[in-house]
There are 2 protein chains.
Amino acid sequence: MKTQKISEAVVRRLPIYLRFLNELAMKNIMTVSSQDLGQKLDLNPAQIRKDLAYFGEFGKKGIGYDVSYLIEKIRQILKLDRHIQVALVGAGNLGRALCNYNTYLRNDMKIVAVFDAMPGKAGESINNLTVQPMHEMKQTITKLGVRIGIITVPAVEAQNVANQFVECGIEAILNFAPVIIKVPADVRVHHADFTTELQSLAYYLD
Amino acid sequence: MKTQKISEAVVRRLPIYLRFLNELAMKNIMTVSSQDLGQKLDLNPAQIRKDLAYFGEFGKKGIGYDVSYLIEKIRQILKLDRHIQVALVGAGNLGRALCNYNTYLRNDMKIVAVFDAMPGKAGESINNLTVQPMHEMKQTITKLGVRIGIITVPAVEAQNVANQFVECGIEAILNFAPVIIKVPADVRVHHADFTTELQSLAYYLD
DNA sequence: TAGATTGTTAATCGATTAACAATC
DNA sequence: TAGATTGTTAATCGATTAACAATC
C-alpha cells in the first residue's frame, strides 16, 4: 500500500516473478498459486504472498493468482507500464552486449542513446544506435527524456561518468564498473559487477 | 573461524573489501581502519570489523589493518590464492565481453575455455581462446581442471547448459541468462541477470 | 459442501549496529 | 601516557517463515 517502505529484497524479487509469469502467459496458463511460484523460483510461498500483499490483494482465496492480471499489476508497481528511456556510456564489448538486449526488454525499457569518450568510437553504430561523443550527452538525455543510466566504462572513469549522469538529471544508475560510485542520496545506484560476483563464487568451492 | 556458517551477505562483501584494498596497495597506503573502509564503501565500520572477525584477528587495536596482510588473508578466504579455472558457454556478445575481463582478473581466476552450440561459432577466436563445440566440453573441462562455469546463452538453453556443467563435475555456476536454473544442492549457483537488475531500478523512479 | 489457497498475524530467524573493554 | 581502533557482546532492527482464519 506504499505507505510503509518496501524493502529492497522485495523489489528485487518482483522482476523475477514477472519474468516467470510472462513464461506462464506464453504457455496460456491462466492461474498460478504461490505454491507453484515458490517451487519454480526456489522461494517460500509465504514470502511470495507477503511480497505481493504489500501492494494490494491480487489473488483469490482458494484459487490463486490470475496470471495476466498479476503481470499487469507487477508491471505497474515496477513502473514498467510506461516507456522508460535508458542511456549507456561505454561502447566497449560489454556495452555492445547490453545494447543487444534491447529487443529482449520488450517495450518497457529501452536503451535509446550510447556515448563513449574515445574519439574513435563516436559515429560507430550499435544495433540501430549511433555512438555519440560525451559532449552531446546533456542535450540528448534532455531531448529523449532519459531517466536511467548504465555505466560500462573502465573503473577509473566510472565516477566521472556518474557525475555527468547526475549533472544531466539521471534518476538511477546501473554500474557495471568494478568500483563503488558516489552520488547524491536521491539518485539510486545498483551495482552489477561481474568480477566480485565471480570472486564470491570461489568461496564456495571445497 | 569457519565452524559457524558464514552468511552469504558477508561473503559478497569480501570481494569488495579486496578490491578497495588493492587500490590502496597500489597507492602505497600501508594501513587502513574500518572507519576509512566504511566511508569509502558505504558500509558500517562495525559490520566490516565483524565480517573480518569471522575469519580471524587481522587488525591491530589502535592501529587498524595492514593493507597487504589483509589482502593476503581475504584472498585465502576466498580461495583466490590458488588458480581457479573457469569455462564459459555462449560465445555471443556478452560471452565475448566477459572473456575480455580475463586480464582484469589478475592471476586468480581465468576463463580458460569457451564453448558454443552453434556450429558456425566453433573455431572462432576470442582473446587467445578458440571457441569449441559443445561435445568437447567434458574432455576439456576435465583436462584443464575447470571448477566454475559461466552461462551466457539464451534463456531457453540455460538449464540445458547447466545440466551439462553438472555432468562435467563443475562446482559452481554464474548464470547470466534470465531464468532460474536448477542444479543439485552441492553445486552453487549465482544469478547475474542484467534485465531483472534494470527492472528493479525502475521501481525507484519517482 | 470439501478442498484449496489467499492475506495476515505472530513467531522465528538472521543480520546490522551500537557500545565498550582491551590494547596498540 | 593519551588517542585511536580493534574484537566482541548485547541491543536493535528487519526479513523470512509458520500458522490459520477467511473465503473462493
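In what follows, every chain begins at residue 1, and chains take the letters A, B, ... in the order their sequences are listed.
Atom pair D51(B):CG and dG14(C):P shows a separation of 17 Å (rounding to whole Å applied). Rounded to an integer number of Å, the gap from CG of D36(A) to P of dA4(C) is 13 Å. Between the C1' atom of dT9(D) and the OH atom of Y54(B) lies a distance of 12 Å, rounded to the nearest Å. Rounded to whole Å, the distance from CG on L52(A) to P on dT17(D) is 15 Å. Between L37(A) atom CG and dG7(C) atom P there is a gap of 12 Å when expressed in whole angstrom units. One interatomic measurement links the two molecules: CD of E8(B) to P of dA15(D), which rounds to 16 Å at whole-angstrom precision. As a whole-Å value, the separation of K5(A) NZ from dC13(D) C1' is 13 Å. The interatomic distance linking K50(B) (NZ) with dT5(D) (C1') rounds to 18 Å, in whole Å.
Aromatic ring orientation, Y204(B) versus H190(A): perpendicular (interplanar angle above 60°, classes split at 30° and 60°).
One finds a side-chain N or O of S7(B) lying less than 4.0 angstrom from the OP1 or OP2 phosphate oxygen of dA15(C). Put simply, R49(A) has a side-chain N or O that comes within less than 4.0 Å of OP1 or OP2 on dT6(C). Distances shown here put every side-chain N or O of S34(B) at or beyond 4.0 Å from the OP1 or OP2 atom of dT5(D). Between R13(B) and dT16(C) there is a side-chain N or O to OP1 or OP2 distance below 4.0 Å. A close approach under 4.0 Å does occur between a side-chain nitrogen or oxygen of Y65(A) and OP1 or OP2 of dG7(C).
Among the nucleotides dT23(D), dT17(D), dG7(D), the one closest to the side chain of K61(A) is dT23(D). Distances from the side chain of Q47(B) to the nucleotides dC24(D), dC20(C), dT17(C) place dT17(C) closest. In this structure, of dT16(C), dC24(D), dT8(C), it is dT16(C) that holds the atom nearest to the side chain of A9(B). For I63(A), taking side-chain heavy atoms from C-beta onward, the closest of the listed nucleotides dG7(C), dC24(D), dT8(D) is dC24(D). Residue A53(B) has its side chain nearest to dT8(D) when only dT6(C), dT8(D), dA18(D) are considered.
Of the inter-residue distances, the one linking D108(A) atom CG with K79(A) atom NZ reads 13.5 Å to the nearest 0.5 angstrom.
Comparing A46(B) and V10(A) by the nucleotide of DNA chain D whose heavy atom lies nearest to each, the residue mapping closer to the 5' end is A46(B).
Side-chain contact check for E167(A) and N163(A): no donor-acceptor pair (N or O, by modelled atom type) lies under 3.5 Å.
Using the Watson-Crick or G-U wobble rule with both distances under 3.5 Å, dC24(D) pairs with dG3(C). dA19(C) is paired with dT8(D) under the criterion used here, namely a Watson-Crick or G-U wobble arrangement in which both key atom distances are under 3.5 Å.
Checked for salt-bridge contact, D193(A) and R19(B) meet the test: a charged N lies under 4.0 Å from a carboxylate O. Using a cutoff of 4.0 Å between basic side-chain nitrogens and carboxylate oxygens, D51(A) and R13(A) are scored as salt-bridged. The pair E197(B)-R12(A) counts as a salt bridge, with a side-chain nitrogen and a carboxylate oxygen less than 4.0 angstrom apart.
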